[in-house]
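The figures that follow rest on heavy atoms only: side chains count, while hydrogens, waters and symmetry mates do not. In the text below, chain A, chain B and the rest are named by the order of the sequence lines, each starting its count at 1.
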There are 2 protein chains.
Amino acid sequence: MTKKQSPVTLKDLSKELGFSTSTISRVLNGKGDDYRISKDTQDIIKKAAQDNNFTPNQTARGLRLQKSFTIGLVIPDISNPFFSSIARALENECRKSGYSIILCDSEDQTKLEIDTINILKNRNLDGIIVCPVGIQGKHLIDISETLPIVIIDRYFPNLKLKYVSSNNYQGAFDATIYLSEKGHENIGCIQGIVGTSPNDERIRGYRDALIKKNIKIDESNIVGGNYDIQTGYIETKLLLAKKNPPTAIFAFSNTISLGALKALKEEKKRIPEDVSIISFDDHPYSDFLETPISSITQQNELMGKIAAKLLLDQINGTGNYEQDGILLPTNFTKRKSVNNNIK
Amino acid sequence: MTKKQSPVTLKDLSKELGFSTSTISRVLNGKGDDYRISKDTQDIIKKAAQDNNFTPNQTARGLRLQKSFTIGLVIPDISNPFFSSIARALENECRKSGYSIILCDSEDQTKLEIDTINILKNRNLDGIIVCPVGIQGKHLIDISETLPIVIIDRYFPNLKLKYVSSNNYQGAFDATIYLSEKGHENIGCIQGIVGTSPNDERIRGYRDALIKKNIKIDESNIVGGNYDIQTGYIETKLLLAKKNPPTAIFAFSNTISLGALKALKEEKKRIPEDVSIISFDDHPYSDFLETPISSITQQNELMGKIAAKLLLDQINGTGNYEQDGILLPTNFTKRKSVNNNIK
DNA sequence: TTGAAAGCGCTAACAT
DNA sequence: ATGTTAGCGCTTTCAA
């Protein structure tokens, strides 16, 4: 077994055919006509390339062209369906344009996000797409000076960075209005990371909806501070233990709602008879839960696609956008997890 | 805003310090002592590199060393939690060793898998990890002649390729025995892609268990042929329509069981009172389903880790394995989806 | 202890 | 219509 039998190079073809590497390179890059290389020569070269299974060494090409046809993707957790669906759409879109994706998992840690991005910097990437972890975006600005970059999900309104996200305000507003119109006035709200744009926008939506409905905001109902199962679990336990426990819970992510479900089950609360629940972000299993959960869903695939387009536009110098960011509307999938709250 | 301000190179440092690029390269690659470069020189060089934020251009390095510190990962669908959990473990493990991952989604199509691998071939990758799609592995053998490769999940027993998978036979055997001991003798079996190793092993486990229990195998109970929601849905509908419908269903994947759940719900079958169900592959939401589904679970993270190690061993020429493949035991998570079948 | 020079494979500016 | 040459940034052989 001959491992690493070195692949055919331009030089090899040159030796075989007697044409210079330049001529061959030109022909194989579709510039044969531009250089008025004779049809015969072109045919010979193309055939030889085919026969020898020639494919240009992308590393050499990258070095020469200062371009790698590679895009870095940094996400907090590829095993979270929210991110993996975005990643899928992104990969598809980029591949169509001839770009490959380097996948980096930041494990939800800003430090790793920064480290990762530094590693990527040496790789001659053509651009980078980040689902940021933290509430700080300075390192992203730094990158943006040298590399096209697009942000997904958690954007930074005061930083000049292209981004795609959802209209989190509207989604949360709608959900809260819905709950209140179902008679809920005591609504627990389990939030994600405070200081990140989607979270804060959702909080704003929640508050504005209550204000609109003339419901007094009980600050002790706004709890949490992390997008994970444990947060959902703990905060639900605590909310239920209150003197005046909420009749409805608004969970700010699929992970949070998972924890909430666990707590509700443990506490033998029925959904929606005892407690109603609405969640941000959907899930393939949502329809088959003990009680199907109503959710505000984001258009993940679309976010991925748009992010890819925004990045490719930057890379190619095409597209000229007035706005930095694009917000996509959320959808509201009503299922059976919300009850009429009879007073 | 200065876009693409070119990063510092060895040449730049050379100019600044007066040392040759060779010396600088040696020091920064930790070979200073080997070449007996004076401590002073080393310190100066290291400091300058740090101050100038120098990091070697990986493309140039790759071209010179014929090594990219990059690994290709080809999977059928990154948005499937089964694959994304594997991808996560893989990425983590590879990153620890200084390797990056190029992610390619084959969209469950052999053609795309082949195309994708061809694209990767030009990228000077150091190795490639594939969760193969089809029942054919010839193209993978071709690759293996020039590039270290490891297969996950669907392996090819008669091809000489390193692989990691689960003990699918045992998992299916256990599940079937369990069902039969609960009194089920009429067990529908919705399989995935016929001819792929995990599927066929599961079928073998299912058959052997029935034989062991002296239950006559009803061939019309073995249905399906694809790992998707629709297959689960259609086949369940058909199984339920039989003259003598099964009292239990064994779904060969999380996607198949999702479709089965949908069909059961539509047909107003209660789980497990009317129909029992067991599924291959778990899911974060499994515990919270209308009836929590008993499942045979694979050790996805472990598969990812081991695959990474097998590949890195090949790349580094370390590790000397007698066996081609490694099979990991499955776990059996019993939940409430199986009833005692009273005759 | 350090430097000069070659070369990884490709493309493009500059010949002719 | 095609070739020569230089150079992308790095590592390493050879020389001193």
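- Rounded to whole angstrom, the span from the CG atom of Leu10(B) across to the P atom of dC8(C) amounts to 19 Å.
- The side chain of Arg61(B) approaches dC10(D) more closely than any other nucleotide in the set dG9(C), dT2(D), dC10(D).
- Between the side chain of Ser165(B) and the main chain of Ile152(B), no donor-acceptor pair closer than 3.5 Å is present.
- Checking Asp33(B) against Gln42(B) by side-chain atom types alone, a donor-acceptor pair falls below 3.5 Å.
- When the nucleotides dT2(C), dT2(D), dC10(C) are ranked by their closest atom to the side chain of Phe54(A), dC10(C) comes out on top.
- Residue Thr59(B) is out of contact with every strand shown, counting any heavy-atom pair closer than 4.0 Å.
- Scanning both residues, Ser106(A) and Val133(A), for their nearest heavy atoms gives OG-CG2, 3.3 Å.
- Of the side-chain N and O atoms in Thr9(B), none sit less than 4.0 angstrom from OP1 or OP2 of dG9(D).
- Heavy-atom contacts from other residues, nucleotides or ligands closer than 6.0 Å to NZ of Lys309(A) number 12 or fewer.
- Applying the 4.0 Å criterion to OP1 and OP2 of dG9(D), one finds that Gln58(B) has every side-chain N and O outside that range.
- The side chain of Gln42(A) places no N or O atom within less than 4.0 Å of a non-bridging phosphate oxygen (OP1 or OP2) of dA1(D).
- Counting any heavy atom pair closer than 4.0 Å across all strands shown, Gly32(B) reaches no nucleic acid atom.
- The backbone N or O of Ser68(A) sits less than 3.5 Å from a side-chain atom of Asp126(A), completing a donor-acceptor pair.
- Asp324(B) and Tyr155(B) share no side-chain donor-acceptor pair at under 3.5 Å.
- Distance Asp43(A) CG to dA1(D) C1': 15 Å, rounded to the nearest Å.
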Can you check nucleotides 12-16 of chain C for protein contacts, nitrogen or oxygen pairs under 3.5 Å, and list what you find?
| residue | atom | partner | partner atom | Å |
| --- | --- | --- | --- | --- |
| dA12(C) | OP2 | Lys31(A) | NZ | 2.8 |
| dA12(C) | O4' | Arg64(A) | NH2 | 3.3 |
| dA12(C) | N6 | Ser22(A) | OG | 2.9 |
| dA13(C) | N6 | Arg26(A) | NH2 | 2.5 |

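- Neither side chain, Thr70(A) nor Arg123(A), offers a donor N or O lying under 3.5 Å from an acceptor on the other.
- Protein atom CZ of Arg36(A) is 13 Å distant from nucleotide atom C1' of dT2(D), rounded to whole Å.
- Computed from coordinates, the Asp40(A) CG to dA1(D) P distance equals 12 Å when rounded to whole Å.
- Between Ser20(B) and dG3(C) there is a side-chain polar atom (N or O) within less than 4.0 angstrom of OP1 or OP2.
- Rounded to whole Å, the distance from CG on Leu17(A) to P on dT2(D) is 12 Å.
- A straight line from NZ of Lys11(B) to C1' of dA5(C) spans 14 Å, rounded to a whole angstrom.
- Here dT13(D) presents its P atom at 12 Å from CG of Asp34(B), a figure rounded to the nearest Å.
- Regarding Ile24(A), its CD1 atom lies at a distance of 12 Å from the P atom of dT4(D), rounded to whole Å.
- Ser38(A) has no side-chain polar atom (N or O) that falls below the 4.0 Å cut-off from OP1 or OP2 of dA1(D).
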